[in-house]
Protein chains: 2
Amino acid sequence: MQGLVRQSLTGQNRGNGPASPPEHPLQAGPAQAGLTLDSALDGRGPLFDQIKRAVAGQILRGRWQTGQRLPNEAELSSLYGVSRQTVHKAIALLAREGFLVRRRRAGTFVATGRRDRFALPIEDIGDVVAREGRVYEFRIRDRKSLRNGEGIRWPDLPDGTPILALECLHFSDGTPIQHERRLVNLDVVPEVVDESFDVVAPSRWLVDRVPWSSADHTVRAVNATAEMAALLGVEAGAACLSIRRQTMHLSRPVTLVHFLSVGDRFSLSGSSITDSATELNL
Amino acid sequence: MQGLVRQSLTGQNRGNGPASPPEHPLQAGPAQAGLTLDSALDGRGPLFDQIKRAVAGQILRGRWQTGQRLPNEAELSSLYGVSRQTVHKAIALLAREGFLVRRRRAGTFVATGRRDRFALPIEDIGDVVAREGRVYEFRIRDRKSLRNGEGIRWPDLPDGTPILALECLHFSDGTPIQHERRLVNLDVVPEVVDESFDVVAPSRWLVDRVPWSSADHTVRAVNATAEMAALLGVEAGAACLSIRRQTMHLSRPVTLVHFLSVGDRFSLSGSSITDSATELNL
DNA sequence: CGAAAGATTATGTACATACCTTTTCGCCGA
DNA sequence: TCGGCGAAAAGGTATGTACATAATCTTTCG
């Protein structure tokens, strides 16, 4: 039996040859109390992906309600006619993506409320502008080397640490859209003093060179000061998106940036992270 | 040899008994041209996690530069003294998290530029307020059932579809912080007409009940209109964060929300997604 | 000399097996 | 009745093995 299932799956997954219609091992078996039809795999892609889709489908279609307990790995394994490891891989991935919660001995449960899993990707401004088919430019407005505490203070860095302070403007088709004020820790990235930033923007330069282990962001809405309004070509008080990002490397701060973008020329947008949703496209 | 390594690892990982000092199979072997020291595992947690940490460490410490090719699975396997599958699991996870890029036959490479992996979680306002230790309240200001196109238009929904339109205000310690204008697709969630929202806020109610498969967001900065300013208790023109979210379920729109939050009373913040960074805490 | 065919290599998936860890549940005795 | 203790259940990790898939390299032949 096992050998037979495996054969049919092998042929079914990799569509070499004229795609034979998917065979569902379970439909042939004895009546399984309603589970038979629902547990059909679609034969597209790797087995563990099919299992993921099948399980996520049950959840999204409401057949497995939030908080409810799933069949255990052994049961799922015989239900879908695959080995326990394959089920385990699929289920573990779904758990990692937030669809399921697993507890030893207790079992696997449909996650209640994924409310905190919405997320918003933050992209490099140059990429965004380029993708919109516009011309991206930037201009360094100011650049100075100094030590922390001399006029500027970077809270998470000890006073006296050498830093590079940059100020620059980003343009889309010639219109200013974003102002950037950046501090770079010269203890971590000493090479930056030799870089002129004639061609490549500081953000790009850093991200291409310095690996980072973590970063934190804060996004706020603020009214443009008179000075910023003049730089960005809007009237004073215009609503602007303010993004603060601090990037860390081996628990040391690498760079601290404040971006300021004109409200009606820039927005953040994105879909939910959960990549299985897009993979599943249900 | 293999049996010996396995034994020592078994004893080393699960610290049953008085934690024996970690043994590094490789340090005993013949000189491996500098690789010996760097490839030490730390003996904490599962093997595949140790491999993840070790590899990520090489990258973050700059020993493996971006774009560089890693040893293949077989080499890593013998380097760390574990099976190829264990290496595969660790490396595949790091690839999934964006540290590495893998191509068949070509090999595994350190990812260049993780710029698009910054992200920002979006939480329920009630959770945020509660976590800050403040008192959360909300008030439904308006509620009506209508059909799409009658005064209000929900772009992604066919005209004539029955919808519920809600307007409500969220308070933190009695101060208004967020205005919410929500549309709910009654074809998908008919039960919502029977809910009074006396106790539980619409967002919470929906998220607890209706599974969603995808959601997209847009965040912008806008100046408060006179009407909104009055509701939120700020002066007209104050900068506000505007969040638009549309949630889908099985490719059908479920709900469309516009949140408007006062700039200096609300912000979005979060760390980078990459969970291995926190796991690694390097 | 160049293109097609074939060999090679590295990753990807699947299964069988074994054993470990955690948590729950029920039994038994105080 | 209650507390503790042990068995059992469910998930977690690791290995060996086998084969599939996709690039890349090499060889051969027109």
Side-chain angles (χ1 to χ4, degrees), chain A residues 1-17 25 41 43-53 55 69-96 100-109, chain B residues 1-17 25 41 43-53 55 68-96 100-109 279:
Chain A
M1 165 73 188
Q2 207 45 322
L4 187 97
V5 171
R6 182 169 178 183
Q7 282 233 347
S8 86
L9 289 172
T10 314
Q12 162 186 355
N13 292 329
R14 339 263 166 245
N16 37 356
L41 302 181
R44 282 180 294 134
L47 266 183
F48 74 87
D49 258 350
Q50 299 183 43
I51 309 272
K52 273 182 68 178
R53 272 196 299 276
V55 171
R69 177 172 164 177
L70 265 65
N72 68 33
E73 292 189 355
E75 286 164 338
L76 287 174
S77 148
S78 70
L79 179 63
Y80 289 115
V82 301
S83 70
R84 176 162 91 93
Q85 305 81 283
T86 304
V87 167
H88 176 75
K89 184 171 183 179
I91 299 294
L93 285 170
L94 283 174
R96 177 172 283 259
L100 302 173
V101 174
R102 316 197 77 187
R103 275 165 42 222
R104 281 180 176 161
R105 166 61 177 153
T108 303
F109 303 85
Chain B
M1 167 70 190
Q2 207 47 321
L4 187 98
V5 172
R6 183 170 176 184
Q7 283 236 342
S8 87
L9 289 173
T10 313
Q12 163 187 352
N13 293 328
R14 339 262 167 245
N16 36 357
L41 303 181
R44 283 179 294 132
L47 267 182
F48 75 87
D49 257 349
Q50 298 182 45
I51 309 273
K52 274 182 67 179
R53 270 197 301 276
V55 171
Q68 188 176 337
R69 177 172 165 180
L70 265 63
N72 67 34
E73 293 188 354
E75 286 165 337
L76 287 174
S77 147
S78 71
L79 179 63
Y80 290 117
V82 300
S83 71
R84 176 165 91 91
Q85 300 80 312
T86 304
V87 166
H88 176 75
K89 182 170 185 182
I91 299 295
L93 285 170
L94 283 173
R96 179 171 280 263
L100 302 172
V101 174
R102 317 199 76 187
R103 273 165 43 221
R104 280 180 177 163
R105 167 61 177 153
T108 302
F109 304 86
E279 289 165 15

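Proteins get letters first, then strands, A, B, ... in listed order; numbering begins at 1 in each.
One can place CD1 of A:Ile91 at 15 Å from P of D:dT13, the figure rounded to the nearest angstrom. When the P atom of D:dA10 is taken as reference, atom CG of A:Leu76 falls 12 Å away, rounded to whole Å. Atom-to-atom, CD of B:Glu75 to C1' of C:dT11 comes out at 13 Å; the value is rounded to the nearest Å. The nearest whole Å value for the distance from the CG atom in B:Asn72 to the C1' atom in C:dT8 is 13 Å. Rounded to whole angstrom, the span from the NZ atom of A:Lys89 across to the C1' atom of D:dT13 amounts to 15 Å. Look at CZ on A:Phe109: it is 10 Å from C1' on D:dA10, rounded to the nearest Å. Rounded to an integer number of Å, the gap from B:Arg102 CZ to C:dG12 C1' is 9 Å. Rounded to an integer number of Å, the gap from CD of A:Glu73 to C1' of C:dA16 is 15 Å.
Counting heavy atoms from C-beta outward, A:Ile51 and A:Leu94 have side chains that stay 4.5 Å or more apart.
For A:Thr86, a side-chain nitrogen or oxygen approaches OP1 or OP2 of C:dC15 to under 4.0 Å. Taking side-chain N and O atoms only, A:Thr108 has no distance below 4.0 Å to OP1 or OP2 of D:dA10. Residue B:His88 places none of its side-chain N or O atoms closer than 4.0 Å to OP1 or OP2 of C:dT11.
The B:Arg84 side chain lies nearest to D:dA18 when the options are C:dC15, D:dA18, C:dA18. Of the listed nucleotides (C:dT13, D:dA14, C:dC15), C:dC15 has the atom at the smallest distance from the side chain of A:Ser83. Looking at the side chain of A:Gln85, the nearest of the listed nucleotides D:dG16, C:dA16, C:dG12 is C:dA16.
Sequence neighbours left out, the pairs with a member in residues 72-81 of chain B that pass salt bridge (Lys or Arg N to Asp or Glu O under 4.0 Å) are B:Glu73-B:Arg84, B:Glu73-B:Arg102.
Residues forming a side chain to side chain contact (heavy atoms under 4.5 Å, CB included) with A:Arg104 (at least two apart in sequence, or on another chain): none. With sequence neighbours left out, the side chain to side chain contact (heavy atoms under 4.5 Å, CB included) criterion links B:Arg105 to no other residue. The side chain to side chain contact (heavy atoms under 4.5 Å, CB included) test applied to B:Ala106 returns B:Arg103, B:Phe109, not counting sequence neighbours.
Contact record, A:Val55 with A:Tyr80: CG2-OH, 4.1 Å, taken as the closest heavy-atom pair. Here the closest non-hydrogen pair linking B:Ser77 and B:Ser83 is OG-C, 3.8 Å.
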Could you list the protein-to-nucleotides 22-25 of chain C atom pairs, N/O on both sides, closer than 3.5 Å?
| unit_1 | atom_1 | unit_2 | atom_2 | d |
| --- | --- | --- | --- | --- |
| C:dT22 | O4' | A:Arg104 | NH1 | 3.3 |
| C:dT24 | OP1 | A:Arg103 | NH2 | 2.7 |

